Amino acid sequence: MLNFRPSMRVFYYAPDTQTPSWGVGMLYCHVKLLCAHGIDAYVLHQKPGFRPRWLDIQVPRAYRERASFKTHPRDVLVVPEVFAAEPDVQRHACRRIVFVQASSYIAPGLKTAADYRQLGYAGAIAIMPHVQKIIEKHYGVEAPVIPPCIAPYFFLDRSQRTRPRKRQVVLYPKAWCRDFPIVRQMLRDHAGSLGWRVVELENKSHREVARVLRHAAFHVNVNCQESFNATVPEAMAAGCIPICYEAFGGRDYLRDGVNAYVFPTHHAYPLVERTLKMMASYDDMEQELRKVRRGGFRTASQYTEAHTEKALLEYFKPLLE
């Protein structure tokens with residue numbers, strides 16, 4: 001247990017959205033881990049009673065619209081990068097830390113501010129090494145890395161890792177990715193004739209996503225702006241081989257042909273062509289696919305709650321003592 005003053009509280013500022021996002025999930029994970037060590041921590045939503053229905057993580061929640069809610073100078077408010085300059089955030093006269101999970105949201109979140117010092121932030125948390133370099137070089141504050149984690153229910157136990165997989169290609173749609181309709185249509189057009197099925201991860205809880213990935217053969221992900229791109233390492237943990245873009249943060253953990261099949265961002269047609277080829281020759285690729293699956297599981301094992309917890313406590317200890 002950390003030695004901290006009982007009057008100190010930690011709030012993680014969160015959006016009221018029912019759209020599944022592991023970025024929101026990470027806010028909940030941090031609060032869960034802090035609470036487990038006796039720290040008075042909360043996820044801070046806006047409307048009283050709001051909770052994300054898709055996420056099964058029980059933590060204390062506070063609500064900005066409650067008349068009784070007020071922060072104090074020794075409180076810590078952790079703010080996602082996209083909300084950094086919001087007036088509602090700026091009004092809180094407490095220590096503020098920006099939590100950067102997507103480097104593509106830094107500039108929009110800053111609005112007209114030049115860097116985080118100008119907005120009064122005491123520091124930053126970076127989710128990945130490449131994000132740390134960007135913040136410290138361009139945005140005025142130190143940004144220790146607190147690595148993300150994969151929910152424990154994605155990980156296969158040893159007895160499950162060699163079982164046969166369903167001939168399914170799992171897609172995760174993102175509305176802002178212009179390549180997704182191309183990839184989806186081409187895979188749909190050819191999957192049936194190859195004896196495969198295309199499954200989209202829509203309207204599912206996080207645990208339901210895990211169940212799908214734990215049985216499917218491939219996960220195709222064409223997100224272009226993600227730092228961690230959570231469904232990719234989640235698929236690795238579940239034994240489902242990712243076929244994906246490098247995106248912004250893939251350089252930190254993706255290795256083509258070692259733990260995934262990785263393509264330059266927006267190379268949609270080569271990605272689809274490779275996927276269809278592997279679907280057609282799936283039985284003949286058993287040895288290679290087993291090797292990539294093992295490599296993916298090793299990578300996923302670097303992103304457990306234990307790794308996140310260690311870095312999180314090291315970060316908060318000097319703030320809370």
Side-chain angles (χ1 to χ4, degrees), residues 20 150 154-156 159-224 226 229-247 250 253-300:
I150 300 165
F154 280 88
F155 285 91
L156 295 177
S159 65
Q160 298 170 323
R161 294 176 202 168
T162 57
R163 69 187 180 191
R165 315 288 298 189
K166 293 181 180 179
R167 297 194 181 212
Q168 293 179 348
V169 178
V170 179
L171 303 181
Y172 182 46
K174 283 275 189 175
W176 58 81
C177 183
R178 66 189 183 193
D179 296 353
F180 181 76
I182 299 170
V183 172
R184 175 175 57 187
Q185 188 61 52
M186 291 186 70
L187 290 175
R188 282 178 172 177
D189 287 346
H190 297 283
S193 63
L194 295 171
W196 285 68
R197 181 177 170 225
V198 175
V199 178
E200 291 190 41
L201 295 176
E202 289 187 299
N203 303 316
K204 296 184 184 298
S205 72
H206 204 225
R207 287 184 181 271
E208 289 170 338
V209 169
R211 284 194 286 272
V212 172
L213 290 174
R214 284 162 62 94
H215 290 89
F218 297 131
H219 170 46
V220 171
N221 185 306
V222 289
N223 293 352
C224 304
E226 301 284 356
N229 209 353
T231 62
V232 171
E234 286 172 348
M236 291 176 177
C240 182
I241 295 174
I243 305 167
C244 59
Y245 291 156
E246 183 184 58
Y253 69 97
L254 290 175
R255 301 293 180 267
D256 182 40
V258 176
N259 58 13
Y261 292 97
V262 187
F263 293 81
T265 299
H266 293 311
H267 285 219
Y269 289 100
L271 181 148
V272 173
E273 289 163 5
R274 181 67 180 274
T275 303
L276 292 173
K277 183 178 180 180
M278 291 195 296
M279 290 161 65
S281 57
Y282 184 71
D283 291 333
D284 297 328
M285 295 183 65
E286 181 179 353
Q287 186 172 350
E288 176 184 334
L289 297 178
R290 188 182 301 120
K291 180 180 176 181
V292 174
R293 198 173 287 119
R294 285 198 301 265
F297 193 86
R298 285 193 297 269
T299 298

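All values reported here derive from a predicted model rather than from experimental measurement.
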> If you round to the nearest 0.5 Å, how far is CG of Leu156 from CZ of Arg163?
Replying inline: 5.5 Å
> More than 12 heavy atoms of other residues, nucleotides or ligands under 6.0 Å from CD of Glu202: is that the case?
Replying inline: yes
>> Here's a test for you: under side-chain contact (heavy atoms from CB on, under 4.5 Å), which of Cys244, Cys177, Pro242, Pro173 qualifies with Asn221?
In response: Cys244
>> With a 4.0 Å cut-off on N to O distance, would you call Arg188 and Glu200 a salt bridge?
In response: yes
> Measuring from Glu246:CD to Arg255:CZ, what's the distance to the nearest 0.5 Å?
Replying inline: 9.0 Å
> Does any N or O in the side chain of Thr265 come within less than 3.5 Å of the main-chain N or O of Ala247, such that one atom is a donor and the other an acceptor?
Replying inline: yes
>> So, taking the atom named OG in Ser193 and the one named CE in Met279, what distance separates them when rounded to the nearest 0.5 Å?
In response: 8.0 Å
>> So, taking the atom named SG in Cys240 and the one named CD in Gln168, what distance separates them when rounded to the nearest 0.5 Å?
In response: 9.0 Å
> Within a strict 4.5 Å, meaning less than it, do heavy atoms of the Phe297 and Phe155 side chains meet?
Replying inline: yes
>> Side chains of Leu187 and Leu171, heavy atoms from C-beta outward: is any pair under 4.5 Å?
In response: yes
> Is the closest side-chain heavy-atom distance between Met285 and Met278 below 4.5 Å?
Replying inline: yes
> Is it the case that His219 and Glu234 place a side-chain donor and acceptor less than 3.5 Å from each other?
Replying inline: no
> How about Tyr261 and Leu271: do any of their side-chain heavy atoms sit closer than 4.5 Å?
Replying inline: no
>> I'd like to know if Glu273 pairs up with Lys277 as an ion pair, taking the criterion as any Lys NZ or Arg NE/NH1/NH2 lying under 4.0 Å from an Asp or Glu carboxylate oxygen.
In response: no
> Between Tyr282 and Ala217, what is the shortest heavy-atom contact and its length?
Replying inline: OH-CB, 3.7 Å
> For Tyr253, does its backbone N or O pair with a side-chain atom of Asn259 as donor and acceptor, under 3.5 Å?
Replying inline: yes
> Listed by chain and number, what are the side-chain hydrogen bond (donor to acceptor under 3.5 Å, both in side chains) partners of Asp189, not counting sequence neighbours?
Replying inline: Gln185
> Of the options Leu213, Ile241, Ile150, Leu254, which is the one that meets Met236 in a side-chain contact (heavy atoms from CB on, under 4.5 Å)?
Replying inline: Leu254
> Between Tyr269 and Ile182, does a side-chain contact (heavy atoms from CB on, under 4.5 Å) hold up when you go through it step by step?
Replying inline: CA-CA 8 Å; Tyr269 289 100; Ile182 299 170; 3.7 Å; yes
> Aromatic rings Trp196 and Phe218: how do their planes relate, parallel, tilted or perpendicular, breaks at 30° and 60°?
Replying inline: parallel
>> Can you give me the closest heavy-atom contact between Glu286 and Arg290, atom names plus distance?
In response: OE2-NH2, 2.7 Å
> Just checking, Arg214 and Phe154: is the charged tip under 6.0 Å from the six-membered ring centre and within 45° of the axis?
Replying inline: no
>> For a 4.5 angstrom cut-off between non-hydrogen side-chain atoms, does Val169 reach Val199?
In response: no
> Hey, does Lys291 have a side-chain heavy atom less than 4.5 Å from the side chain of Glu288?
Replying inline: no
>> To the closest 0.5 Å, what do you measure between CZ (Arg165) and CG (Leu289)?
In response: 11.0 Å
>> Strictly distance-based, threshold 3.5 Å: is any side-chain N or O of Asp256 a donor or acceptor partner for the main-chain N or O of Val262?
In response: yes
> Going by distance alone, is a donor N or O of one side chain under 3.5 Å from an acceptor N or O of the other, for Asp179 and Tyr245?
Replying inline: yes
>> Is any side-chain heavy atom of Arg178 closer than 4.5 Å to one of His266?
In response: yes
>> Determine whether a donor-acceptor pair (N or O, by modelled atom type, separation under 3.5 Å) exists between the side chain of Ser281 and the backbone of Asp284.
In response: no
